[in-house]
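Structure, as structure tokens:
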Amino acid sequence: VRVVESGGGSVQAGGSLRLSCTVSGYTYNTYSMAWFRQAPGKEREGVAYISSDGDTTYVDSVKGRFTISKDNAKSTLYLQMNTLKPEDAAMYYCAVSSVVYLAYSERFVEDYYGEWGQGTQVTVSA
């Protein structure tokens with residue numbers, strides 16, 4: 001199984017980035033996915049989740065600014081990030097769960113995700 005993120009970079013506050021995550025070699029036909037992030041000195045936190053049927057959840061700090069989506073035909077997950085803030089700077093990770101629909105209380109619990117990418121760095125300057 002390969003989970004590969006791309007699209008990170010450096011932007012000024014107020015700018016936008018779109019992250020991508022491509023999954024290959026996964027045995028399940030359907031699965032749910034999420035984006036997590038980890039800033040230096042902080043714990044990794046869940047940012048956005050999408051179920052197999054497209055139900056989404058966001059952490060409060062990104063609601064209205066970030067959009068998670070996926071292209072099943074391409075096995076690719078996206079995270080459109082708009083109006084970026086310095087506090088959004090972090091390493092962003094893509095995670096895959098074999099559970100097609102996680103309960104709300106489970107969506108940002110790392111134990112439910114069996115596959116992770118290596119991360120893509122997002123830097124936001126003030």
Side-chain angles (χ1 to χ4, degrees):
V1 178
R2 288 194 68 202
V3 180
V4 180
E5 304 97 335
S6 62
S10 297
V11 296
Q12 290 188 329
S16 298
L17 283 174
R18 188 176 82 154
L19 306 184
S20 299
C21 170
T22 302
V23 180
S24 60
Y26 203 66
T27 58
Y28 297 94
N29 291 325
T30 58
Y31 42 83
S32 55
M33 301 180 73
W35 288 98
F36 287 76
R37 68 185 179 187
Q38 186 169 24
K42 295 186 177 181
E43 293 187 355
R44 189 157 56 183
E45 66 169 347
V47 176
Y49 164 89
I50 188 165
S51 69
S52 176
D53 63 356
D55 188 32
T56 59
T57 298
Y58 300 90
V59 68
D60 286 347
S61 61
V62 308
K63 286 180 181 178
R65 301 187 297 119
F66 289 13
T67 302
I68 189 172
S69 63
K70 59 178 180 169
D71 184 332
N72 290 332
K74 297 181 178 179
S75 297
T76 300
L77 177 73
Y78 302 101
L79 184 68
Q80 178 66 45
M81 306 186 295
N82 297 328
T83 319
L84 282 160
K85 303 176 180 180
E87 51 264 43
D88 295 319
M91 184 71 79
Y92 282 72
Y93 298 91
C94 173
V96 183
S97 173
S98 60
V99 180
V100 297
Y101 188 93
L102 289 168
Y104 284 97
S105 62
E106 299 168 338
R107 293 182 175 187
F108 294 143
V109 176
E110 294 186 24
D111 288 347
Y112 288 100
Y113 296 88
E115 306 296 338
W116 293 79
Q118 293 300 307
T120 185
Q121 184 70 45
V122 172
T123 303
V124 184
S125 58

Where is the tightest heavy-atom contact between [X] and [Y], given as atom of each residue plus distance?
X    : Y    : answer
M33  : C21  : CE-SG, 4.0 Å
A90  : A39  : CB-N, 3.8 Å
Y92  : V47  : CE2-CG2, 4.4 Å
V100 : S51  : O-CB, 3.5 Å
Y113 : A34  : OH-CB, 3.4 Å
Y93  : G117 : CD2-O, 3.6 Å

Handout entry: E115 side-chain N/O to A95 backbone N/O, donor-acceptor pair under 3.5 Å
Key = no

Practice task
Say whether, by atom type as modelled, one donor and one acceptor occur between the side chain of Q118 and the main chain of V4 under 3.5 angstrom.
Solution key: no

Looking at [atom1] of [X] and [atom2] of [Y], how far apart are the two atoms once the value is rounded to the nearest 0.5 Å?
X    : Y    : atom1 : atom2 : answer
I50  : Y78  : CD1   : OH    : 11.5 Å
Q80  : S20  : CD    : OG    : 9.5 Å
Y31  : L102 : OH    : CG    : 14.5 Å
N72  : T30  : CG    : OG1   : 9.0 Å
S125 : L84  : OG    : CG    : 10.5 Å
K70  : S32  : NZ    : OG    : 8.0 Å

When you compare the side chain of [Y] with that of [X], does any pair of heavy atoms fall below 4.5 Å?
X   : Y    : answer
L77 : I68  : yes
C94 : W35  : yes
V59 : Y49  : no
L19 : V122 : yes

Practice task
Decide if atom CD of Q121 counts as having more than 12 heavy atoms of other residues, nucleotides or ligands within a radius under 6.0 Å.
Solution key: yes

Practice task
Check the angle between the aromatic planes of F108 and F36 and answer parallel, tilted or perpendicular using the 30° and 60° thresholds.
Solution key: perpendicular

Exercise for the section: Please list all pairs passing the salt bridge (Lys or Arg N to Asp or Glu O under 4.0 Å) test where one or both residues lie in residues 87-97, with sequence neighbours left out. Expected result: R37-D88, R65-D88

Handout entry: Residues that K63 engages under side chain to side chain donor-acceptor pair (under 3.5 Å), provided they are two or more places apart
Key = D60

Handout entry: Residues R107 and Y101: side-chain donor-acceptor under 3.5 angstrom
Key = yes

